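Numbers restart at 1 for each chain; the letters A, B, ... are given by sequence-line order, proteins then strands. Predicted model only: the values in this text are computed from it and were never measured.
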2 protein chains.
Amino acid sequence: MNLKQLSELLGLSQTTVSRALNGYPEVNEATRERVLQAVKETGYRPNKAAQRLATGKAGSIGLVMPTAPGHQSDVHFGEFLAGLGEEAVRHDFHFVIMPADPDDEVAALRRLAISGNVDALFVAYMRGHDPRLAMLKSLSMPYVVHGRSFGAEPDYPYLDIDNEGAFYDATRLLLQLGHTRFALMNGPTHLDFAIRRRNGVIAALAERGLTLEEDCVSHALMTDEQGLLAMERFLQLPQRPTAILCSSTVMALGAIRAVNQAGLRLGEDISLIAHDDVLPLLKPESFSVPLTTTRSSLRAAGARIAQRLIGTVKQAGPFPEQELWKTELIVRASTGPAPS
Amino acid sequence: MNLKQLSELLGLSQTTVSRALNGYPEVNEATRERVLQAVKETGYRPNKAAQRLATGKAGSIGLVMPTAPGHQSDVHFGEFLAGLGEEAVRHDFHFVIMPADPDDEVAALRRLAISGNVDALFVAYMRGHDPRLAMLKSLSMPYVVHGRSFGAEPDYPYLDIDNEGAFYDATRLLLQLGHTRFALMNGPTHLDFAIRRRNGVIAALAERGLTLEEDCVSHALMTDEQGLLAMERFLQLPQRPTAILCSSTVMALGAIRAVNQAGLRLGEDISLIAHDDVLPLLKPESFSVPLTTTRSSLRAAGARIAQRLIGTVKQAGPFPEQELWKTELIVRASTGPAPS
DNA sequence: TACATAATTGAAAGCGCTTTGGATGCCATT
DNA sequence: AATGGCATCCAAAGCGCTTTCAATTATGTA
């Protein structure tokens, strides 16, 4: 069933049917009703490819999924996608996902953009001085960046959380509890959020005249394995840190295992604060020692970005170009006063 | 730059340029060279929407992502997607993801199919007597089902793992270790794999004249929370089970917490075997008590399905219609002889 | 009553590609 | 010289939609 057949069936022109379907005001309400009724009965669906060719709009937003054989797939990606989806489903948008080697992200993003398959782009996994920004600006296609790019002029549309503030606050809390020996389990060095979180910690420590020693910082993939390894390393330090900041609840999982294996008690011997993206299968509140976290929902961020992206494509009013979300600092049992 | 402009530039017809680009044999090699050269110089890219409208082929495979506000996003989905992606990236295919309310999956799948945006469908989260099968058959679009539909004639293309066999073998192992009181922590009742796994357990028990008591079975979302709750319930039973089968390592996480909290020792007081989809952030081998599992990589399954789907679209030879993968039973420390 | 105006509808021209159904010219055969 | 086959190429007809421009009818105004 296509437009032509439908219009013949109704004894109307394609023009009128098309208008009725797309909510144009110049069609008689009675006619529109008739058309809508026929659509319901026949199950007619406009062919998207044709629609796209005619309008230039695809009703879809594109994103690059970093993937490669052996490449760790990322829980955060799925969660974020769920957020995007939640919003997209309300506007009959869909996603076009271009899988790409992580080393090939710039090219993949360009391919996606000029493929003509998408109306807007979503960009994540931002790095410091991210090379994709220049490319995006040259593209004349709407986009929103999740995160920011440290070192780049902040003149691009983004939604980010206040990573520096989050870790600054977390560190301050630990300082107030009397801790003086700190360690940071962070994500990969080149990623923007890792840079900012580190800065947050350093800034808070500096106010007390403390510094973050090089051997008290780990940069690694945010897996529980890496968490275990990093924590084991920390615990073997001659001057063992008592306060640990951690970039992910996934990593914290491994870290906690290391603490337990060392026979230490979380919240007493070791205080731990992790950043919580509100992942579905990791509830810090139900850890055996509930985990103090800086919290910000990845999923909510996804939904908001979808909203901005779709709104822009549909020309539905202006959106703020830059948004910086505060995180919540939620104190639970994994933090306590420094052991004397 | 479009085909018309390019062909004018070259002094050729659109026909010839199109053929040169698409590898048709009836164009002079010299001409083809000239065209390819011009493409390189002008950066011409064919408009996908037009291509699609003309050919009906989109170079993409479609899938429905169950999502709704408040709906738990699923780690397995992301991992599976990574597998699909790994293969798709090699063939310049992409995905079109249609987010949909879980209650609306049949309709969503149909929308996706007739949208003209996809060449093939991937279908997951199969249920017993799944209503989507009939719809898919009527569709004349290639598809592959991940899993099967219990109770339906197995005449559709699928890739599944031998869920029944996996849990049968796991149960037998526990029986050999002397266990007699079993419990099963399963996924939602209506899902196909849950049905088959349960059957596997029941079959193995039956051989020894044992039965699976109703209060020793839990059907729930496969989250760590539900795992915790289910295990707590099991442990409070008057005749406490000593052998637990679990449908997911995520769930096992919570279950293990419950065991620890009850002051029991995993692998001694309680033996546990879980099914391992090889999720990136849950390594059963590095649990504090390494976990005995039935293993089958979700990601590998994704890649294989992508291969079949893309191959079918490209008419690249026939693929087996039905595949049933064996799982591996990997024995680690979470299983031990029944306590006396 | 005559005319301007608003409300509705349609014909047809694209959108950028693929593909059918010829053309055209060239060569080897009869 | 007439024939057929082959290698190349092209004009034009779609694919299924949107949108411009125009036509038609109904309504209101002086």
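- Across its full length, the helix from C:dT1-D:dA30 to C:dT30-D:dA1 shows an angle of 60° between the axes of its 5 terminal pairs at either end, rounded to 10 degrees.
- A heavy atom lying under 4.0 Å from DNA chain C marks none of the residues of residues 29-38 of chain B.
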I'd like a table of atom pairs between the protein and nucleotides 26-28 of chain D - only N or O on both sides, under 3.5 Å - with the distance next to each one.
none

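- For the segment residues 41-49 of chain A, the set of residues with a heavy atom within less than 4.0 Å of an atom of DNA chain D comprises A:Y44, A:R45, A:P46, A:N47, in numerical order.
- Considering only residues two or more places apart in sequence or on other chains, B:N47 meets the side chain to side chain donor-acceptor pair (under 3.5 Å) condition with none of them.
- Screening residues 49-64 of chain B for salt bridge (Lys or Arg N to Asp or Glu O under 4.0 Å), with sequence neighbours left out, gives no hits.
- For residues 31-40 of chain B, the pairs satisfying salt bridge (Lys or Arg N to Asp or Glu O under 4.0 Å) are B:E29-B:R32, with sequence neighbours left out.
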Would you be so kind as to tabulate the donor-acceptor pairs closer than 3.5 Å made by side chains of residues 133-143 of chain A, with sequence neighbours excluded?
| unit_1 | atom_1 | unit_2 | atom_2 | d |
| --- | --- | --- | --- | --- |
| A:K137 | NZ | A:D155 | OD1 | 3.0 |
| A:S138 | OG | A:M135 | O | 2.7 |

Using nucleotides 21-26 of chain C, report all nitrogen or oxygen pairs with the protein that are shorter than 3.5 Å.
| unit_1 | atom_1 | unit_2 | atom_2 | d |
| --- | --- | --- | --- | --- |
| C:dG21 | O6 | B:R19 | NH2 | 3.2 |

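- Applying the ring pair (Phe, Tyr, Trp, His ring centres under 6.0 Å) test to every pair with at least one member in residues 83-131 of chain A, sequence neighbours left out, gives these pairs: A:F80-A:F122.
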Are any protein N/O atoms closer than 3.5 Å to N/O atoms in nucleotides 4-6 of chain D? If there are, list each pair with its distance.
none

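- Residue pairs satisfying the salt bridge (Lys or Arg N to Asp or Glu O under 4.0 Å) criterion with at least one member in residues 109-124 of chain A, sequence neighbours excluded, are listed as follows: A:D104-A:R111.
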